[in-house]
Participant: 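Okay, handing you the structure first.
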Number of protein chains: 2
Amino acid sequence: MTDPIDLGAFLRQRGHRLTNPRRLVWDVLGAARGHLTAEQIATRVGRRDSRINLASIYRSLTLFAELGLARESILGTDGAGRWEVAHPDDEFHLICGRCGDVQHHGGDLVEQVRSHLGNYHAFKAATIELSVTGLCSSCVV
Amino acid sequence: MTDPIDLGAFLRQRGHRLTNPRRLVWDVLGAARGHLTAEQIATRVGRRDSRINLASIYRSLTLFAELGLARESILGTDGAGRWEVAHPDDEFHLICGRCGDVQHHGGDLVEQVRSHLGNYHAFKAATIELSVTGLCSSCVV
DNA sequence: TAGTAATTGCAAACAGTTCGCAATTACTAT
DNA sequence: ATAGTAATTGCGAACTGTTTGCAATTACTA
Ligand SMILES: [Mn+2]
Ligand SMILES: [Mn+2]
Ligand SMILES: [Zn+2]
Ligand SMILES: [Zn+2]
């Protein structure tokens with residue numbers, strides 16, 4: 001399912017070190033099915049090594065995001081960031097307003113937006129954030 | 001340009017009162033060309049009535065959002081909310097990563113997303129948040 | 001194995017926003 | 001116009017999520 005990336009090699013190649021916090025954060029992200037808040041990640045990491053600080057969780061996540069390994073999205077009504085292993089942004093988020101479920105939706109819609117803007121509006125899109133809130137199929141009446 | 005809505009009547013009709021904070025926040029939002037943070041709104045409101053508190057700004061904005069009069073978006077890299085007079089969500093945000101400019105982009109793209117999800121994926125979209133970061137035409141090299 | 005810079009844990013700071021509560025105010029009904 | 005009443009305000013303090021400075025620790029390199 002997930003590409004078995006060698007985190008140590010990947011990090012070292014870019015001048016970073018493989019540390020316990022980083023390894024554990026990465027493991028937790030990989031094992032999670034969905035999106036996790038930093039707090040949730042900290043809890044899970046803490047079960048494996050209780051010494052690891054929340055600040056280090058944030059630092060790991062920030063680094064992973066810079067390296068393109070992880071991705072943060074603001075999904076809830078609270079402004080909290082939710083993290084996951086990176087997926088391309090043409091896979092977007094469907095957030096059910098009733099049950100809170102978040103699903104991914106792939107397809108060429110986002111790509112259409114990108115090329116439309118590029119071709120007709122001279123806007124060179126870097127990241128496209130698309131998230132849709134509504135009612136999922138099991139919550140529609 | 002802007003519909004001359006009668007704020008007092010509008011509010012009273014829904015059981016709210018027209019107060020000074022609300023009137024001034026509404027004026028500021030209407031007069032602004034772009035998106036303002038609560039802090040920016042507070043500054044501008046404060047020039048007209050320095051007694052008005054930041055908390056009241058937030059309370060006014062929250063109320064306006066609930067009534068569909070105003071709209072909050074998270075546009076920058078900081079998590080700060082930016083406010084403006086409501087516009088339909090099929091007008092989305094183009095954020096230039098270099099100069100910080102935010103423009104609106106209308107069109108049927110968002111509507112396509114909505115009907116695609118509805119027709120083929122049984123997902124009843126309520127709000128669609130689409131924002132694109134990249135380089136605006138004057139910042140592309 | 002030792003040397004060195006990167007990284008950590010901790011606590012404190014921070015930004016943006018919300019909340020409790022007594023005082024004030026806008027509306028309603030006389 | 002006035003008084004009554006509930007909605008709203010200002011104020012400060014609390015809160016949430018995140019970041020930062022710094023001394024102590026640790027991962028890598030040689
Ligand atoms: Mn996702
Ligand atoms: Mn806008
Ligand atoms: Zn649902
Ligand atoms: Zn620009």
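Residue numbers start from 1 in every chain, and the chains themselves are labelled A, B, ... in the order their sequence lines are given, proteins ahead of strands.
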Participant: How long is the line joining CG of B:Leu63 and P of C:dT18, in whole Å?
Facilitator: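 Interatomic distance, CG of B:Leu63 to P of C:dT18: 13 Å.
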
Participant: Whole Å only: how far is the CZ atom of B:Arg51 from the C1' atom of D:dT8?
Facilitator: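 Rounding to the nearest Å, CZ of B:Arg51 and C1' of D:dT8 are 14 Å apart.
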
Participant: Choose from C:dA26, C:dG16, D:dC28 the nucleotide whose nearest atom is closest to any side-chain atom of A:Arg17.
Facilitator: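 So the side chain of A:Arg17 is nearest to D:dC28.
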
Participant: Between C:dT7 and A:His16, is there an OP1 or OP2 to side-chain N/O distance shorter than 4.0 Å?
Facilitator: yes

Participant: What contact category does B:Gly79 fall into here, base, sugar-phosphate, or nothing, at under 4.0 angstrom with non-hydrogen atoms?
Facilitator: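 Nothing, no nucleic acid heavy atom in range.
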
Participant: Round to a whole Å and report the spacing from CD of B:Gln40 to P of C:dA15.
Facilitator: 15 Å

Participant: Is it the case that A:Arg12 places NZ or CZ above or below the six-membered ring of A:Phe10, under 6.0 angstrom from the centre and within 45 degrees of the axis?
Facilitator: no

Participant: Calculate the interatomic distance between A:Leu61 atom CG and D:dT20 atom C1'; express it in whole Å.
Facilitator: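 The distance from CG of A:Leu61 to C1' of D:dT20 comes to 17 Å, rounded to the nearest Å.
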
Participant: May I ask you to say whether A:Glu129 pairs ionically with A:Arg71, meaning some side-chain N is under 4.0 Å from a carboxylate O?
Facilitator: yes

Participant: Quickly work out the B:Tyr58 OH to D:dG10 P distance and round it to whole Å.
Facilitator: 15 Å

Participant: Taking the nucleotide of DNA chain C with the nearest heavy atom to each, does A:Ser60 or B:Asp78 sit closer to the 5' end?
Facilitator: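 Mapping each residue to its closest nucleotide by heavy atoms, the 5'-most match is A:Ser60.
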
Participant: How is A:Arg59 classified with respect to the nucleic acid when contacts are heavy atoms under 4.0 Å: base, sugar-phosphate, or nothing?
Facilitator: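 Contact class for A:Arg59: base.
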
Participant: Assign A:Leu54 to base, sugar-phosphate, or nothing according to its heavy-atom contacts below 4.0 angstrom with the strands shown.
Facilitator: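 If one applies the 4.0 Å heavy-atom cut-off, A:Leu54 turns out to touch a base.
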
Participant: Distance check: side-chain N/O of A:Asn53 vs OP1/OP2 of C:dC10, anything under 4.0 Å?
Facilitator: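 It does, given that an N or O in the side chain of A:Asn53 lies less than 4.0 Å from OP1 or OP2 of C:dC10.
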
Participant: Between atom CZ in B:Arg14 and atom P in D:dT8, what is the gap in whole Å?
Facilitator: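 Spelled out: CZ on B:Arg14 to P on D:dT8 is 14 Å.
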
Participant: B:Leu75 has an atom CG; how far is it from atom P of C:dG16, in whole Å?
Facilitator: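 Nearest whole value for this atom pair: 14 Å.
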
Participant: Any side-chain N or O of A:Thr19 under 4.0 Å from OP1/OP2 of D:dT26?
Facilitator: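 A:Thr19 to D:dT26 OP1/OP2: no side-chain N or O under 4.0 Å.
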
Participant: For B:Glu72 and B:His35, test the side chains for any donor-to-acceptor distance below 3.5 angstrom and give the result as yes or no.
Facilitator: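 The criterion, which ignores hydrogens and geometry beyond distance, is not satisfied for B:His35 and B:Glu72.
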
Participant: Can the ring centres of B:His105 and B:His93 be said to be less than 6.0 Å apart?
Facilitator: no

Participant: Which nucleotide, if any, forms a Watson-Crick or G-U wobble pair with C:dT8, using both distances under 3.5 Å?
Facilitator: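 When the pairing criteria are applied, D:dA23 turns out to be the nucleotide that pairs with C:dT8.
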
Participant: Choosing from D:dT9, C:dT18, C:dG9, which nucleotide comes nearest the side chain of A:Pro21?
Facilitator: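 It is C:dG9.
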
Participant: Rounded at 0.5 Å granularity, tell me how far CH2 in A:Trp83 sits from OG1 in A:Thr62.
Facilitator: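 The CH2 atom of A:Trp83 sits 5.0 Å away from the OG1 atom of A:Thr62.
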
Participant: Between B:His16 and B:Glu66, is there a side-chain donor-acceptor contact under 3.5 Å, judged purely by atom types and distance?
Facilitator: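 Side-chain D/A pair, B:Glu66 to B:His16: absent.
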
Participant: Does any nucleotide pair with D:dA30 by Watson-Crick or G-U wobble geometry, both distances under 3.5 Å, and what is it?
Facilitator: C:dT1

Participant: For A:Ile52, which contact category applies under a 4.0 Å heavy-atom criterion: base, sugar-phosphate, or nothing?
Facilitator: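 The answer is sugar-phosphate, as A:Ile52 gets under 4.0 Å only of primed atoms, P, OP1 or OP2.
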
Participant: Of all the nucleotides listed (D:dT18, C:dA11, C:dT17), which has the minimum atom distance to the side chain of A:Ala38?
Facilitator: D:dT18

Participant: If you only use heavy atoms from C-beta on, which nucleotide in D:dT29, C:dT8, C:dG16 is closest to the side chain of A:Arg12?
Facilitator: D:dT29

Participant: Please report the distance, rounded to the nearest Å, between CG in A:Leu18 and C1' in D:dT26.
Facilitator: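 My rounded result for the distance is 12 Å.
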
